[in-house]
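Report on one structure; see the data block that follows.
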Amino acid sequence: MRASSAAMFALELAATFDKGGYGQFAELGPGYVPLRNRSNDYLIDREEQKHRSFTGIRGIAEQDTMAQESQGPITDRTKENLTATDIGVVHFRRLMLKEAKNLRNGKGPPAAQHPWSYRLRSGGAVLPSGLSFAAVMEQRFGSPTGKVTK
């Protein structure tokens, strides 16, 4: 008995996604090197770019990689003009430098000793107008702050 065309399409689609190149994982070639990479200009398709896709590069992972790699070499940060809105960047850089120095001196990062700290996740909800945020968190998570303890 022949499979329906819809079932065949579903199988072909699944095989395509398993191969990679459509989600967060790049389609890989020999040696597990992504097929679309810097050395081949990510196999950019100018017709695709002109008519259908902003980047002309197939695959989300490949587009992300291109955006990162095309920025060029490491930038000279002494030429930056950071403002008050960049305070998060400043704090992050200071933390990374401090932790790198600590690691060099044999002191591991404190976060590695507290793996439960990584059990945080974002979330979103549309609240009924009559409920406070704390009440919704209490209903959903059993805590007025939304902290999940299990």
Side-chain angles (χ1 to χ4, degrees), residues 1-127 133 136-137 140-143 145-150:
M1 184 169 143
R2 248 180 89 164
S4 72
S5 60
M8 291 296 289
F9 177 74
L11 288 172
E12 288 174 14
L13 191 60
T16 300
F17 277 92
D18 285 346
K19 186 172 73 170
Y22 288 93
Q24 72 185 72
F25 303 108
E27 185 176 356
L28 301 176
Y32 298 100
V33 174
L35 288 177
R36 291 173 289 284
N37 58 62
R38 182 187 289 185
S39 70
N40 58 25
D41 206 18
Y42 307 94
L43 299 177
I44 191 167
D45 181 336
R46 297 297 181 185
E47 281 300 306
E48 179 76 16
Q49 185 180 38
K50 184 176 181 180
H51 298 289
R52 289 173 286 284
S53 162
F54 181 76
T55 65
I57 298 170
R58 201 177 95 211
I60 295 168
E62 291 88 337
Q63 291 175 24
D64 286 351
T65 301
M66 181 274 305
Q68 293 169 20
E69 292 179 347
S70 66
Q71 294 181 41
I74 296 174
T75 303
D76 180 1
R77 301 289 180 205
T78 64
K79 295 179 181 179
E80 284 183 322
N81 184 22
L82 298 178
T83 66
T85 59
D86 296 312
I87 193 69
V89 172
V90 172
H91 283 280
F92 179 75
R93 288 179 183 167
R94 285 180 182 163
L95 174 67
M96 291 295 102
L97 288 170
K98 177 183 145 207
E99 293 303 326
K101 289 173 185 173
N102 285 343
L103 192 58
R104 179 188 62 202
N105 296 329
K107 182 180 176 193
Q113 306 306 315
H114 302 87
W116 56 87
S117 299
Y118 294 95
R119 294 181 60 187
L120 299 174
R121 63 180 183 270
S122 64
V126 177
L127 307 178
F133 178 78
V136 172
M137 293 296 104
R140 293 184 72 190
F141 302 110
S143 162
T145 61
K147 183 175 181 179
V148 179
T149 57
K150 295 177 186 168

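- D76 contributes a side-chain N or O that, together with a main-chain N or O of T78, makes up a donor-acceptor pair within less than 3.5 Å.
- Separating the CG atom in D64 from the CD atom in E69 is a distance of 11.0 Å, to the nearest 0.5 Å.
- Here the side chain of N40 pairs a donor or acceptor atom with the backbone of Y42 at under 3.5 angstrom.
- A side-chain donor-acceptor contact under 3.5 Å links Q71 to the backbone of A67.
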Legend entry - Criterion side-chain contact (heavy atoms from CB on, under 4.5 Å) on R77 and V89, from CA distance to verdict: CA-CA 12 Å; R77 301 289 180 205; V89 172; over 6 Å; no
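- The two residues H114 and P110 have their closest heavy-atom pair at ND1-O, 2.8 Å.
- Within 6.0 Å of CZ in R52 there are more than 12 heavy atoms belonging to other residues, nucleotides or ligands.
- Atoms CG and CE, on L43 and M66 in that order, are 12.5 Å from each other to the nearest 0.5 Å.
- Here CZ of F133 is found 8.0 Å from OG1 of T145. Values are rounded to the nearest 0.5 Å.
- For the pair D86 and N81, the tightest heavy-atom approach, listed with the atom from each and the gap, is OD2-O, 4.5 Å.
- Closest approach of Q63 and I57 over heavy atoms only: NE2-O, 2.7 Å.
- Summarising the geometry, atom CD belonging to E62 is positioned 9.5 Å from atom CG belonging to N37; distances are rounded to the nearest 0.5 Å.
- Here the NZ-NZ distance, from K107 to K101, works out to 13.5 Å after rounding to the nearest 0.5 Å.
- A pairwise comparison of heavy atoms in T55 and Q49 identifies O-NE2, 3.5 Å as the closest pair.
- Smallest separation of non-hydrogen atoms from A61 and A26: CB-N, 3.6 Å.
- With respect to R58 and E27, a salt bridge is recorded, a charged nitrogen being found less than 4.0 Å from a carboxylate O.
- Between the side chain of N102 and the main chain of P109, no donor-acceptor pair closer than 3.5 Å is present.
- One distance of note links CG of L28 with CG of L35; it measures 7.0 Å at 0.5 Å rounding.
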